[in-house]
Each structure stands twice: as C-alpha cells, then as structure tokens.
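Everything below concerns the one structure shown next.
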Amino acid sequence: MAEVKIGVIGGSGLYNMEALTDIEHIKVSTPFGDPSDDYIVGTLEGVRVAFLPRHGHGHRISPSELNFRANIYGFKTFGVEHIISVSAVGSLKEHIHPLDVVVPDQFFDRTRERVSTFFGHGLVAHIAFADPVCPNLSELIYQAAVGQGATVHKGGTYLCMEGPAFSTRGESNVYRQWGMDIIGMTNLQEAKLAREAEICYATMAMVTDYDCWHEEEEDVTVEAIIQNLMKNAELAKKVIRSVIPNISGERTCICANALQYALITDRKSIPEETKQRLDLLVGKYLK
Ligand SMILES: CSC[C@H]1O[C@H](OP(=O)(O)O)[C@H](O)[C@@H]1O
Ligand SMILES: Nc1ncnc2[nH]cnc12
C-alpha cells in the first residue's frame, strides 16, 4: 500500500474533500473491525492525504456506534503520522461564538460506552495523556485558521459526551461551572487511540451553537448545527489546505514515541495472538 503520512477525519457536515486529486477509494480491514467508510486517498498541495468521514457517507453511524479503533488503525496501515480532526461543537462560553474556530488542548470524558484502547488481552499499556493533543499540529492548525481570517480560540477544554441526545440544560450549566469550553461527542476516543498508535492528533473544532444554556439563544438542534457548518465548511477546507504543506516529516513531539515507556507487561508473557494483532502498533518495541 502506498505510504500516506497525513490523515483528515471529517465530522458532521464534512463528508468529502473535493479538492483532492488522483483519488483512490480504499477499503481497509483491521483486526478491530471495519472503519466508518472507505478511505479516500488523494493529493492536496502535492501531498498524499487520506480522508475518512467519521460518521460514514450519508452520516449513518452515531457517536456511540463509531468504531474508533478501526478508524485510527486504518490510518496507521497507510503510515499516517498526523491526523487533523474536523468537528462540530457547541459553545459553553459566551465569548466563543457560533462560526468561531477552537483548537482545544484538553478533553474531559463524559462518555460511558466506548472502547478506547487497543491494549488488553495480555498486553497492558499506559500511555501519557496529560496533554492529549499534539502541540505542534495544534499550533499549525491555529496559525492556518488565523491566516484564513477566522476568529480562532487557542486552547480550551472539549467535553466529550456520550449522546446521541444533546445535553439537558442542567448538564450544560454544570459543564459551564466546571469551566468547560466546548462540547461534542466524538474526539476524546480518537485522541486517545491516536496517541496509542503514536499518531499526532489535533482538532479544528467548528462552533455551531450555544448548546442549551444560553438564555437569549435558541437551544441546539441538528438543523442549526448543519446550517452553521455549511457556512463554515469552506473555511475548514481552506484551513486544511494551508496546514498540509507546513506539516514536517520530522516529529519532535511526545506523540511519535508515546509507547516507548508505556508497555508494562513482561515481554515473555505476552500471548502470541496479541503480539500478532498489535504488531503494527508495538512490533518495534517487542523485538
Ligand atoms: C450532527 S449534531 C451532533 C454531532 O455533531 C458532532 O459530530 P462531529 O464531532 O463528528 O463533527 C458531535 O460530536 C455529534 O456527533
Ligand atoms: N451542543 C452540542 N452538543 C454536543 N455535540 C455537539 N456538536 C455540535 N454541537 C453540539
């Protein structure tokens, strides 16, 4: 398979990247099941990029049903080292307005039903996740979004809820008291699994609504989210386009060697089947 170093995950409202040329649709099978859809591999700014619509074309897969492991592992099979996630989010702060962009630097987990590790079955790993996104890739996204004239907030905490129902007003107000900045349903597991796969991961969060806490604004609806995303989809695509040429092959962040000190299991006790299943991720540490 041809090597591709950059991946893009499209969220709600971003199911295609029309600017990709020399396109191939590639179906990937993984030891963890099937990714959300075929990967669309194409060229953007002279660089091969793999694109995956997170919820599948036609938005068929709900946040709780997403096979996050297969999606991230699929990128790894191409040799992807950087993933840019594009996501719709609600704002939990007055000064973060719909149509703004946030590049979060923290996540808070309020999900309940999600598998969010590749490990287990006789191989235990504890990655560092204090800083859950790649600082270098986040900075590039921030600079690119500023360069495109967007109002961009650098840093902030993304509260990842289970869904699929939106939050109650009580929950939304509590998240505000906790100091959370934005709310969505998808990014935390992706960030964790990308770190386990030693892939740099960063999010361009497109603000679509004020959730349901704001007394003068409408409560969030799918319709409002998609309407605002449609207004912002071109911006998202332009930002991706301008980030890509700036992504360097040399990685100096912690993401590149995240498993170096994370594997705790005595190498002699790891079952052969587990070694084989995780070979793409840990093979270099088990030699
Ligand atoms: C379509 S409304 C809720 C939906 O939008 C966000 O999706 P994504 O992160 O893939 O852009 C949110 O997380 C929910 O999945
Ligand atoms: N208010 C909200 N809650 C959860 N996910 C969202 N995605 C976009 N807006 C959202």
Side-chain angles (χ1 to χ4, degrees), residues 7-17 35-37 51-68 71-72 83-94 96-104 107-114 116 133 141 153 156-176 178 180-194 201-214 217-233 235-237 239-240:
V8 175
I9 303 181
S12 298
L14 190 73
Y15 309 107
N16 271 309
M17 285 191 59
S36 296
D37 215 319
F51 174 80
L52 182 71
R54 173 183 290 123
H55 302 279
H57 283 102
H59 204 122
R60 296 169 284 102
I61 309 169
S62 105
S64 309
E65 293 171 332
L66 284 170
N67 188 339
F68 293 101
N71 288 352
I72 298 296
I83 294 177
I84 301 170
S85 152
V86 182
S87 263
V89 294
S91 165
L92 297 169
K93 294 261 168 81
E94 181 80 53
I96 303 178
H97 302 104
L99 303 183
D100 288 0
V101 174
V102 181
V103 184
F107 290 108
F108 191 96
D109 195 359
R110 280 271 302 161
T111 65
R112 292 185 299 271
E113 298 174 10
R114 313 221 178 146
S116 47
V133 292
I141 294 173
H153 304 267
T157 303
Y158 172 126
L159 183 135
C160 191
M161 59 175 287
E162 183 65 51
F166 292 116
S167 307
T168 65
R169 223 177 297 288
E171 288 163 341
S172 197
N173 280 315
V174 166
Y175 301 153
R176 274 168 54 71
W178 288 350
M180 303 291 117
D181 296 286
I182 51 177
I183 182 162
M185 305 181 189
T186 57
N187 275 222
L188 182 124
Q189 282 71 32
E190 285 175 2
K192 233 177 224 181
L193 291 159
Y201 178 94
T203 295
M204 171 165 49
M206 316 299 289
V207 181
T208 51
D209 55 271
Y210 273 117
D211 201 33
C212 60
W213 59 269
H214 201 299
E217 300 286 341
E218 294 288 316
D219 292 346
V220 57
T221 60
V222 165
E223 200 189 350
I225 290 177
I226 297 301
Q227 253 181 25
N228 273 341
L229 260 180
M230 288 301 137
K231 289 187 198 155
N232 249 355
L235 170 72
K237 290 174 189 172
V239 173
I240 292 167

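Whatever order the structure lists them in is the order used to number ligands and atoms, beginning at 1. Computed from a predicted structure; not experimentally measured. Both backbone and side-chain heavy atoms feed into the values below; hydrogens, waters and symmetry mates do not. Here, residue 1 is the first one in the sequence, and each next residue gets the next number.
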Exercise for the section: Please name all residues satisfying side-chain contact (heavy atoms from CB on, under 4.5 Å) with A202, sequence neighbours left out, ordered by chain then number. Expected result: L137, S138, I141
Practice task
Using distance alone, determine whether Y158 and ligand 1 share an N or O pair under 3.5 Å.
Solution key: no
Practice task
May I ask you to list the atoms of ligand 1 that are less than 4.0 angstrom from any heavy atom of H55?
Solution key: 7 (O), 8 (P), 10 (O), 15 (O)
Practice task
Only counting residues at least two apart or in another chain, list the ones meeting side-chain contact (heavy atoms from CB on, under 4.5 Å) with E218.
Solution key: none
Practice task
Return a yes/no value for A88: is any of its N or O atoms, backbone included, closer than 3.5 angstrom to an N or O of ligand 2?
Solution key: yes
Fill in the blank from the handout: Under 4.0 Å from one or more heavy atoms of S12, ligand 1 contributes atoms 1 (C), 4 (C), 5 (O), 6 (C), 7 (O), 8 (P), 10 (O), 11 (O)
Practice task
Please could you name the atoms of ligand 2 that M185 approaches to less than 4.0 Å, counting only its heavy atoms?
Solution key: 4 (C), 5 (N)
Handout entry: G163 near ligand 1 by a heavy-atom separation under 4.0 Å
Key = no
Exercise for the section: Among all protein heavy atoms, pick the one closest to atom 5 (N) of ligand 2 and tell me residue, atom and distance. Expected result: G184 CA, 3.5 Å
Exercise for the section: State plainly whether the residues R114 and E162 are in salt-bridge range, i.e. N to O under 4.0 Å. Expected result: yes
Handout entry: Distance-only N or O hit between ligand 2 and G90, under 3.5 Å
Key = yes
Practice task
Run the numbers for me: atoms of ligand 1, each under 4.0 Å from some heavy atom of P63, listed by number.
Solution key: 15 (O)
Exercise for the section: Provide the number and element of each atom of ligand 1 under 4.0 Å from a heavy atom of I225. Expected result: 2 (S)
Fill in the blank from the handout: A student checking ligand 1 against T186 at a 4.0 Å heavy-atom cut-off should list atoms 8 (P), 9 (O), 10 (O), 13 (O), 15 (O)
Fill in the blank from the handout: atom 6 (C) of ligand 2: closest protein heavy atom, distance to 0.1 Å, is I183 O, 3.7 Å
